[in-house]
Amino acid sequence: QQQQQQKASLEQQGKPESPSEDSHTSVDALTTLQDQLAAQRDDNTLLKAEIRELQDMLAVERQAHDESADLFADRIRALESDLQEARAKLEKIRIATIDLHS
């Protein structure tokens, strides 16, 4: 009767009846944890590869953006230079027009 009470108590606590069952359960739990760890490592490896790929893509995008910004800045400088030349020509025309009317 005492053995049955111990067995019932152990079952309520989720513990196996004998040390060999306890050992088997621990081995199963350890194996499960090792499998989960291996799966997590695989996931981490895949995530690291994805991160590297995204970083490479970002670097390419940044370079393209920088090149585009440089081209845009060059074009602005060229337009500003053209504008200054046009203003100088207009000023010459204005002066020539004033001279003609004088």
Side-chain angles (χ1 to χ4, degrees):
Q1 170 130 11
Q2 189 176 13
Q3 283 181 339
Q4 287 177 343
Q5 286 175 344
Q6 285 176 344
K7 180 179 175 183
S9 174
L10 288 171
E11 285 175 358
Q12 285 176 351
Q13 295 174 14
K15 295 182 180 176
E17 292 179 47
S18 68
S20 66
E21 285 183 45
D22 189 30
S23 177
H24 182 69
T25 302
S26 294
V27 169
D28 287 348
L30 180 58
T31 301
T32 299
L33 287 173
Q34 287 173 331
D35 291 345
Q36 290 173 346
L37 180 60
Q40 187 63 49
R41 283 185 180 143
D42 291 344
D43 288 348
N44 288 351
T45 300
L46 291 173
L47 287 172
K48 285 178 184 176
E50 283 183 51
I51 288 170
R52 278 191 297 274
E53 184 178 334
L54 288 171
Q55 287 172 332
D56 291 346
M57 290 171 60
L58 180 58
V60 168
E61 287 296 321
R62 279 187 180 152
Q63 183 177 357
H65 179 267
D66 290 347
E67 289 172 2
S68 178
D70 289 344
L71 290 173
F72 188 66
D74 289 345
R75 184 68 182 134
I76 289 174
R77 281 189 288 276
L79 289 171
E80 286 173 341
S81 176
D82 291 348
L83 180 60
Q84 286 177 349
E85 288 177 22
R87 282 184 178 152
K89 286 178 183 177
L90 282 174
E91 183 62 20
K92 286 179 184 177
I93 293 170
R94 188 182 70 77
I95 290 171
T97 305
I98 291 173
D99 287 345
L100 284 175
H101 290 314
S102 302

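By convention here, the first residue in the shown sequence is residue 1. For clarity, every value in this text was computed on a predicted model and none was experimentally measured.
A donor-acceptor contact shorter than 3.5 Å is absent between the side chain of S68 and the backbone of A64. At least one donor-acceptor pair under 3.5 Å links the side chain of T31 to the backbone N or O of V27.
Atom CD of E91 is surrounded by more than 12 heavy atoms from other residues, nucleotides or ligands within 6.0 Å.
Here the CD atom belonging to E50 is positioned 10.0 Å from the CG atom belonging to D43, to the nearest 0.5 angstrom. For the atom pair CG of D66 and CG of L71, the computed distance is 11.0 Å after rounding to the nearest 0.5 Å. The CG atom of L83 sits 12.5 Å away from atom CD1 of I76, with the distance rounded to the nearest 0.5 Å. To the nearest 0.5 angstrom, Q63 atom CD is 10.5 Å from E61 atom CD. In this structure, CZ on R75 lies 7.0 Å from CG on D82, to the nearest 0.5 angstrom. Rounded to the nearest 0.5 angstrom, D42 CG and L37 CG are separated by 9.5 Å.
Between R77 and E80, none of the side-chain N atoms (NZ, or NE/NH1/NH2) sits under 4.0 Å from a carboxylate O, so this pair counts as no salt bridge.
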